[in-house]
Amino acid sequence: MLSIKDLHAEVEGKNILKGLNLEIREGEVHAIMGPNGSGKSTLGHVLSGRPGYEITQGSVEFLGKDLLELDTEERAHLGLFLAFQYPVEIPGVSNMEFLKASVDAVRESQGASAYDTVGFMRRAREACTAVDLDQAFLKRGVNEGFSGGEKKRNELMQMMLLEPRLCILDETDSGLDIDALQVVASGVNAMRSESRSFLLVTHYQRLLDYIEPDFVHVLADGRIIRSGDKSLALELEAKGYSWLDDGEVA
Amino acid sequence: MSQEQIDRAIAKDYAAGFTTDIESDTLPPGLTEDTIRFISAKKNEPEWLLEWRLGAFQVWREMVGPDWAHVDYPEVDFQSISYYSQPKSMEDRPKSLDEVDPELLATYEKLGIPLHEQEALAGVAVDVVFDSVSVATTFREKLAEAGVLFCSISEAVQQYPDLVRKHLGSVVPRKDNFYAALNSAVFSDGSFVYIPKGVRCPMELSTYFRINEANTGQFERTLIIADEGSHVSYLEGCTAPMRDENQLHAAVVELVALDDAEIKYSTVQNWYPGDAEGKGGIYNFVTKRGLAHTNAKISWTQVETGSAVTWKYPSCILRGDNSVGEFYSVALTNNLQQADTGTKMIHLGKNTRSTIISKGISAGKSSNAYRGLVRVGPTAKGARNYTQCDSLLIGDQCAAHTFPYIESKNPTGIIEHEATTSKVSDDQLYLCQQRGLDPEKAVSMIVNGFCKEVFKELPMEFAVEAGKLLEVSLEGSVG
Ligand SMILES: Nc1ncnc2c1ncn2[C@@H]1O[C@H](COP(=O)(O)OP(=O)(O)OP(=O)(O)O)[C@@H](O)[C@H]1O
Ligand SMILES: [Mg+2]
């Protein structure tokens, strides 16, 4: 589904990704861990097409398409979703309006008919309940005055409604209380399917207790320096990243 | 979003840029006493009105144009403007829409204003001003049943001369300002509304204006009188075809709300703003003012998206005790547009209240200024004003300015002023695009959200129109 080969990317003239390789097949859950500033969020933004990043080398193929050739919204239309580490606020635009516009835009691009308003509102309310947010959040401005945890749940709600093919969750578990963590985990688990894949960026092994990954990768200094199964996460939890530095990086 | 995308979006053509070919009976350019006599004679006006016009002309000749506004434009050559034009096919007024020039109807069709549909669906009485003469007036009968008078001002001069004579210039005197004086001298046509005592106007009254003749100044004159305890909601909307020459538009609108009456006046203004280089576009110098008597309420709502230069301050004189004035405004400028707009709330009566909500959106290289005056006179015991003035910047080449003036001569008055400036951020656009929205849709959604407080004041069918106009104007304002 997603094939990243020798990806190099820079921002503001600074090299961040330095030859990253990653292969994600349909239905797989991959977790990426790694020290602060190693380039995890950058990877998410490069994949989703945030302006300002320059790809200097490498290729990314997503569902048979050259991902790097596509506009940001075209990538979303293909089914790429990024839950942001720091979701921004859009004052005055209600969550419901935003959700409807997004879902309409994605469905339209895929040639599917738009949901009727009543039908959509019912779905939105269900998603709202699923992420354990009060219905009032649908009427509030997008992320406007939401707490950190509420913003994260809101990202998850958008993901549920958009039904993407590849879900990239950038530290969606950070800043969540223990109940919220379970909400996020069960939301993700409910969405797992043969045709949908996940890329989870996290600092905590704990999330992976709830969402069992097929693969765990360590990203350091712009490259994946170690890949393994979920036991790698446990090992990292116990030993930290320096253990890898010593062994893998000269 | 990248600068390139912004530029691409900005480059879109003005959707309403086309002209209709209708033979006109147009006066050659120039302005003298004879011009005024010609206009007056053409309209078969009574002597007093001719004198009134000539008086205004005298005053105007001694005045100079205002130079205090935060706008910059070449001097207008008033001798190069034609002051009268009339679609020829209208010499005999049509009795119904079937008799209206089909080309004219097609023009409205292109603008998305299907008259037939509007009549049927919205129940709106439409008094269409095409160039200088009203060409179609509908729903006359239903309004007549309620005793509401709604017609062109030329017609009102013939049919209700006493009402016109009593109120014309009573709110905006001829010598009020340069453009008001000019309008008083040469006004072409406009709307007249009278709502009798205690009557609630059974429908929204609506006028669509459209400048059509090249090089023809437009000088509408609107007079709305709401008698004691009556209620009326009036809608004004306009859009203009693409032109190279700058066109002057100097309208005067006077509202009179007698005791316990309420007037709601809504405008969507989409005159041609000029091209991306600032060539062409309408100069929109408007004087709008309402006079509120005891317990009366006047509410202005405006969505200003067009014109090259806008100079406009719909105001309320709160003369009667407990009278209320409101001003809700969205002003959007793009490319090289300039707007200096706002309001004046003049508190004279006791316990008068006013609310000002202004939303300014600047994009491209445009300049957008809010200018508001709140004056509490010595007699205005217990007067209150609340002003909220928000600016939204799109891109980094535009400018927003706020000029609030507060004059309080009564210590019991309470005046509150809040102002904010924000920017449509790249991160907001990125979020929207990541969720599948194209940049234009994203910006229009963000801007609509910003304007929500004002849009909710618009009558339903107009709110849709406003959103549409905003979107058209924003094609290009992204950043
Ligand atoms: N716009 C920018 N200008 C300069 N440096 C940047 C910019 N954006 C990111 N960086 C740098 O790139 C590096 C990688 O950042 P990134 O956000 O991808 O890290 P991360 O792995 O997600 O870290 P964390 O675990 O703290 O979220 C950091 O050193 C960061 O400072
Ligand atoms: Mg990060």
Side-chain angles (χ1 to χ4, degrees), chain A residues 44-45 47-54 70-110 139-144 151 154-155 157-159 161-164 167-168 170, chain B residues 1-9 328 330 332 357 359-361 388 390-396 418 420-456 463-464 467 470-471 474 478-479:
Chain A
H45 291 314
L47 292 177
S48 85
R50 182 185 196 166
Y53 292 82
E54 203 191 329
L70 303 175
D71 284 341
T72 309
E73 62 269 26
E74 290 170 335
R75 302 181 193 198
H77 297 162
L78 265 188
L80 188 145
F81 181 92
L82 172 63
F84 293 93
Q85 184 175 4
Y86 304 109
V88 293
E89 306 193 356
I90 309 181
V93 177
S94 82
N95 232 347
M96 182 66 97
E97 187 184 343
F98 179 70
L99 288 166
K100 176 94 165 72
S102 303
V103 172
D104 282 354
V106 169
R107 285 182 69 88
E108 191 191 318
S109 74
Q110 296 168 346
K139 290 198 182 136
R140 285 171 61 175
V142 177
N143 294 323
E144 198 179 350
K151 284 181 182 167
N154 203 34
E155 294 291 290
M157 174 159 76
Q158 291 167 37
M159 187 170 93
L161 287 165
L162 283 164
E163 302 176 312
C167 307
I168 305 169
D170 192 354
Chain B
M1 181 157 84
S2 68
Q3 186 62 39
E4 196 184 317
Q5 283 171 299
I6 296 166
D7 291 345
R8 188 154 15 104
Y328 300 99
V330 166
L332 183 151
I357 309 282
K359 304 277 182 179
I361 301 138
Q388 184 191 326
D390 300 322
S391 306
L392 183 68
L393 303 174
I394 302 176
D396 49 18
E418 285 176 25
T420 67
T421 301
S422 51
K423 231 188 112 136
V424 175
S425 74
D426 292 348
D427 284 348
Q428 287 173 330
L429 289 175
Y430 172 45
L431 167 62
C432 292
Q433 284 178 272
Q434 207 307 298
R435 299 304 186 246
L437 301 170
D438 67 57
E440 279 187 13
K441 171 78 189 145
V443 167
S444 112
M445 192 176 69
I446 292 168
V447 170
N448 266 287
F450 174 74
C451 299
K452 204 165 262 176
E453 285 158 283
V454 173
F455 282 176
K456 75 177 182 2
V464 176
L470 211 63
E471 203 160 316
L474 275 166
V478 191

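Residue numbers start from 1 in every chain, and the chains themselves are labelled A, B, ... in the order their sequence lines are given, proteins ahead of strands.
- The heavy-atom pair separating A:Glu73 from B:Pro439 by the smallest distance is OE2-CD, 3.3 Å.
- Comparing A:Met159, A:Glu89, A:His45 by how many heavy-atom pairs each has under 4.5 Å with chain B, the most go to A:His45.
- Proximity to chain B involves both the backbone and the side chain of A:Phe98, based on heavy atoms less than 4.5 angstrom apart.
- Ranked by non-hydrogen atom pairs under 4.5 Å with chain A, the options B:Glu453, B:Gln434, B:Lys452 are led by B:Gln434.
- Contacts with chain B were tallied for A:Pro87, A:Gly141, A:Pro164, A:Ala76; A:Ala76 has the most, counting heavy-atom pairs under 4.5 Å.
- Top candidate by heavy-atom pairs under 4.5 Å with chain B, chosen from A:Arg75, A:Glu97, A:Gln158, is A:Gln158.
- Using a 4.5 Å cut-off between heavy atoms, A:Leu80 touches chain B through backbone and side chain atoms alike.
- The residue among A:Ile90, A:Val142, A:Val106, A:Val103 with the most heavy atom pairs within less than 4.5 Å of chain B is A:Ile90.
- To the nearest 0.5 Å, atoms CG (B:Leu437) and OG1 (A:Thr72) are separated by 11.5 Å.
- Of the two parts of A:Glu108, neither the backbone nor the side chain holds a non-hydrogen atom closer than 4.5 Å to a non-hydrogen atom of chain B.
- A:Phe81 is linked by a ring pair (Phe, Tyr, Trp, His ring centres under 6.0 Å) to nothing, counting only residues two or more places apart in sequence or in another chain.
- Taking all atoms of both residues into account, the shortest heavy-atom contact from B:Tyr430 to A:Pro51 is CD1-CD, 4.3 Å.
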With a cut-off of 3.5 Å and sequence neighbours excluded, list every side-chain donor-acceptor pair involving residues 441-449 of chain B.
| residue | atom | partner | partner atom | Å |
| --- | --- | --- | --- | --- |
| B:Ser444 | OG | B:Glu471 | OE1 | 3.4 |
| B:Asn448 | ND2 | B:Ser444 | O | 2.8 |

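- Residues B:Asp426 and A:Arg50 are not paired through a salt bridge, judged by the lack of any N-O separation under 4.0 Å between the basic side chain and the carboxylate.
- Residue contact with chain A, scored on non-hydrogen atoms closer than 4.5 Å, involves the backbone and the side chain of B:Cys432 alike.
- For the atom pair OG (A:Ser48) and CG (B:Leu431), the distance works out to 10.0 Å, reported to the nearest 0.5 Å.
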